[in-house]
There are 2 protein chains.
Amino acid sequence: MAAAEETDCENVPWGEVTPEAARKLLVAAVEAFAERGYHATTTRDIAGRAGMSPAALYIHYKTKEELLHRISRIGHERALEVLETASGRGGTPGERLAEAVSSFVRWHAGRHDTARVVQYELDALSDEHRAEIVALRRRSDAVVRGILREGVESGEFDVPDVPGTTLAVLSLCIDVARWFNVQGRRTPEEVGALYADLVLRMVSARR
Amino acid sequence: MAAAEETDCENVPWGEVTPEAARKLLVAAVEAFAERGYHATTTRDIAGRAGMSPAALYIHYKTKEELLHRISRIGHERALEVLETASGRGGTPGERLAEAVSSFVRWHAGRHDTARVVQYELDALSDEHRAEIVALRRRSDAVVRGILREGVESGEFDVPDVPGTTLAVLSLCIDVARWFNVQGRRTPEEVGALYADLVLRMVSARR
DNA sequence: CCCGAAGCTGAGCAAGCGCTTAGGGCCTGT
DNA sequence: ACAGGCCCTAAGCGCTTGCTCAGCTTCGGG
């Protein structure tokens, strides 16, 4: 009984944001930022989508920029978590890379509204907030670079330029958030599988 | 003598924009839009960068959105021109794909300020203007898809999903505009060569 | 039964926005 | 010499923006 009233922090999107009014505002902001962009979205629009008055926003968030920062930080943490979990599941470097790419892409496609805000609105953050986010992004980079390096050492991969290829792989995955459309023909799972195959071809040593 | 006073439309960036004041304003707008984004840029900022008063903008452009449209249209035309020229140079599908990718990437890296505006500010256009631009983008898509199809037919490529791979190749190239940095270690030429190699690996049939 | 904290709203402020207008130099054709 | 068009500026209009604040309601603890 009591458990049913609690928010399921693990499975519900943005479950970690409380109280409920703060979460409703944040979800509304993600929607609006993804649709129009941060600078084109007004605080009145966000409050309106959440069914509240403009003033309500400032009870839960100090500024509009703090809202973006909360979204960006939680989003980056989730994306990084997805990537690290996938890369830690064991197997050959090839298997780990395929798992990492397909799940990272699934996240960017399935949660493309969040991903769009997270990946394309970094410039709107304050200097300190942006620095914090950039640190998280470096960890994503390290995960992919690590897998590539291991594959090269074992001879399974042939990658002349590991940092450059890391950049390309992450860039490919991230840009899914830009073009992915729910009305489109592909499901997040299909795009994930396609991209995992393409990336494996990019790095595999010729037989 | 007379020729020296004319603007070199072929070789100078934005040479086709006249008179000079209109070009100066447009160049300033590209700078500002690339740096801060369309919505975060004010008409006063654009005019200031061009060394003119805010009102001067409205002698040459009806609205701020028309300025973005001019930039977007010319930019897309130039990018498409680069892609079509490269793909038309002849050779095997592999050679044409390598040429297309490396020159398209060189454009996105070398002119990354323009490319950033062109690729990431589409949402700010009016419906009619956006429709015009989308038509140009479909032609880019057709160029890459055509090369892939030819390579598959000749047996040089092994591409199970031609539309999906076309999307991935273009996405990879376009996203260069987001991350490329002049202060970074790589030149546009280096990134172009790296990406051409990666894309060839993605589509080539195993020997 | 009352008290204070917490959550929310209606009204509105100061600042900045896109854009307009009146007016003045300057170049060109007659 | 001078009329007429072209560029440009100073000033500012009407509106929207992010954000604030006084006051109302709700609710758990003593």
Side-chain angles (χ1 to χ4, degrees), chain A residues 2 5-7 14 17-33 35-72 117 121 123-130, chain B residues 2 5-7 14 17-33 35-72 117 121 123-130:
Chain A
E5 285 165 11
E6 285 171 16
T7 305
W14 308 111
V17 181
T18 55
E20 203 200 315
R23 181 171 53 250
K24 264 169 53 179
L25 284 163
L26 189 138
V27 168
V30 169
E31 248 186 63
F33 291 165
E35 212 171 277
R36 308 196 209 282
Y38 174 79
H39 288 292
T41 299
T42 68
T43 54
R44 283 166 237 266
D45 182 18
I46 298 168
R49 285 176 195 245
M52 305 174 94
S53 82
L57 201 151
Y58 293 90
I59 293 158
H60 300 284
Y61 303 96
K62 222 160 53 186
T63 62
K64 180 182 156 190
E65 192 267 346
E66 190 193 306
L67 233 183
L68 176 64
H69 175 237
R70 287 283 292 272
I71 294 168
S72 197
V117 178
E121 301 288 355
D123 292 344
L125 290 170
S126 69
D127 288 344
E128 303 101 59
H129 286 165
R130 187 171 41 250
Chain B
E5 285 165 11
E6 284 170 18
T7 306
W14 308 111
V17 182
T18 55
E20 202 200 316
R23 179 170 56 249
K24 263 170 53 179
L25 284 162
L26 189 138
V27 169
V30 169
E31 247 187 65
F33 291 164
E35 212 171 277
R36 307 193 211 283
Y38 174 79
H39 288 292
T41 299
T42 68
T43 54
R44 283 164 236 264
D45 182 19
I46 297 168
R49 285 175 195 246
M52 306 176 92
S53 82
L57 200 149
Y58 294 90
I59 293 158
H60 300 284
Y61 304 95
K62 221 160 55 185
T63 62
K64 179 182 156 190
E65 192 268 346
E66 190 194 305
L67 231 183
L68 176 63
H69 175 236
R70 287 283 293 272
I71 293 168
S72 197
V117 179
E121 301 288 355
D123 292 344
L125 290 170
S126 70
D127 288 344
E128 304 100 59
H129 286 165
R130 188 170 42 249

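Convention: sequence-line order gives letters A, B, ...; per-chain numbering from 1.
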(message) According to ring-ring contact (aromatic ring centres under 6.0 Å, His included), does anything in residues 35-67 of chain A pair up with another residue at least two apart or in another chain? List the pairs.
(response) Phe33(A)-Tyr38(A)
(message) Need two values: the first and the last nucleotide of DNA chain C, 5' to 3', having an atom under 4.0 Å from any heavy-atom of chain A.
(response) dC8(C) to dG12(C)
(message) Let's see if you get this right: which residues in residues 40-49 of chain B place a heavy atom under 4.0 Å from DNA chain D?
(response) Arg44(B)
(request) Could you list the residues that satisfy side chain to side chain donor-acceptor pair (under 3.5 Å) with Arg44(A), not counting sequence neighbours? (result) none
(message) Run the side chain to side chain donor-acceptor pair (under 3.5 Å) test against Glu121(B) and tell me which residues pass, sequence neighbours left out.
(response) none
(message) Which residues in residues 54-64 of chain B have a heavy atom closer than 4.0 Å to any atom of DNA chain C?
(response) Ala55(B), Tyr58(B), Thr63(B), Lys64(B)
(request) With a 4.0 Å heavy-atom cut-off, tell me which residues in residues 24-31 of chain A come close to DNA chain C, sorted by residue number. (result) none
(request) Encode nucleotides 22-29 of chain D as B, S and - characters from 5' to 3', where the letter depends on protein heavy atoms closer than 4.0 Å: B to the base, S only to sugar-phosphate, - to neither. (result) --------
(message) I'd like to know if the side chain of Arg36(B) reaches the main chain of Thr41(B), judged simply by a donor and an acceptor atom lying under 3.5 Å from each other, with no hydrogens or angles considered.
(response) no
(message) Please list all pairs meeting salt bridge (Lys or Arg N to Asp or Glu O under 4.0 Å) that have one or both residues in residues 54-72 of chain B, counting only residues at least two apart or in different chains.
(response) none
Cut-off 3.5 Å, no hydrogens considered: what does the side-chain donor-acceptor table look like for residues 24-32 of chain A, sequence neighbours left out?
unit_1   : atom_1 : unit_2   : atom_2 : d
Glu31(A) : OE1    : Arg49(A) : NH1    : 3.0

(message) Which heavy atom of Ala47(A) sits nearest to which heavy atom of Ser53(A), and what is that distance?
(response) CB-O, 3.5 Å
(request) Work out which heavy atom in Leu125(B) is nearest to a heavy atom in Arg130(B); give both atom names and the distance. (result) O-NH1, 2.9 Å
